[in-house]
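Worksheet for the structure shown next.
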Amino acid sequence: MAIRVTVWNEYLHEVQSEQVTRVYPQGIHGCIRDFLEKEGFAVQTATLREPEHGLTCDVLDQTDVLIWWGHMAHEEVADEIVERVYRRVLDGMGFIVLHSGHASKIFRKLCGTDSSRLKWREDGKKEILWVVNPGHPIVSGLDEKIIVEHEEMYGEHFDIPQPDEQVFISWFEGGEVFRSGCCWRRSRGKVFYFRPGHESFPVYFQPEIQKVICNAVRWAAPQAEIPQETYGNTPPVVGRDSI
Ligand code: ZN
């Protein structure tokens, strides 16, 4: 069965800025949906201004991996929905946070640090993402580096918990570096942060960037059936007679 992906996008820049509309006429979520569908995933989209931000319990029931892009309206995401997504991640739903989603309520909650803190500069200069974990499934089929010709700069220090696995480190023309591909596990769920994707540049149309996101969906998807654990006060499994 195909992995079921929900692409969540704030979808405000594309509506409010002609420049961004020209870059992403279908919205950032539409671009991501299209290349994921070509890869054989079952994809739906959800946006901020839909009821419950498009993230109803039914939608999340049908989601193996949730992808998140947000920037200017993080505070408009209702706490109730943040809590709902958070619970799903702990229960095993994969979660991929893109670019400025670093400052979203849900990513900050999953991190437990002030992950909104980093340096930035919208200069449209070059970024090189270096693969620092060549055996990792997220970089399967890639070269040792990805060059993005025009991007916004993000620089360290990035206030995240130490990643469980570091996949990319970026170099920027201004001299900064950044941990641009980071993996964590949170209970049964896998979380991947991937830095590229400023709304003014057509970064999500770049094949290598698409490949990373497709690989990350496969990595983050829940593996088979997760055993049903029991918690709390419990009788012994091994009886006194059988010891
Ligand atoms: Zn940006």
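Not measured: the values here are computed from a predicted model. Every heavy atom of this structure was used, including side-chain atoms; hydrogens, water molecules and symmetry mates were not. As the structure lists them, so they are numbered: ligands from 1, and atoms in each ligand from 1.
Ring pair Trp184/Phe107: centre-to-centre distance below 6.0 Å.
Glu127 pairs by the salt bridge (charged side-chain N to carboxylate O under 4.0 Å, His left out) definition with Arg195, not counting sequence neighbours.
Using a cut-off of 4.0 Å between Lys/Arg side-chain N and Asp/Glu carboxylate O, Asp123 and Lys125 are scored as not salt-bridged.
For the Zn ion (ligand 1), protein N, O or S atoms under 2.8 Å: 3 in total.
Shown here is Lys126, whose NZ atom has no more than 12 heavy atoms of other residues, nucleotides or ligands within 6.0 Å.
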Distance-only criterion, 3.5 Å: show the donor-acceptor pairs between side-chain atoms of residues 29-40 and protein atoms not counting sequence neighbours.
| unit_1 | atom_1 | unit_2 | atom_2 | d |
| --- | --- | --- | --- | --- |
| His29 | ND1 | Asn9 | ND2 | 3.0 |
| Glu39 | OE2 | Arg218 | NH2 | 2.4 |

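Applying the side-chain hydrogen bond (donor to acceptor under 3.5 Å, both in side chains) test to every pair with at least one member in residues 43-60, sequence neighbours left out, gives these pairs: Thr6-Gln44, Thr47-Glu50, Arg49-Glu76, Glu52-Arg84.
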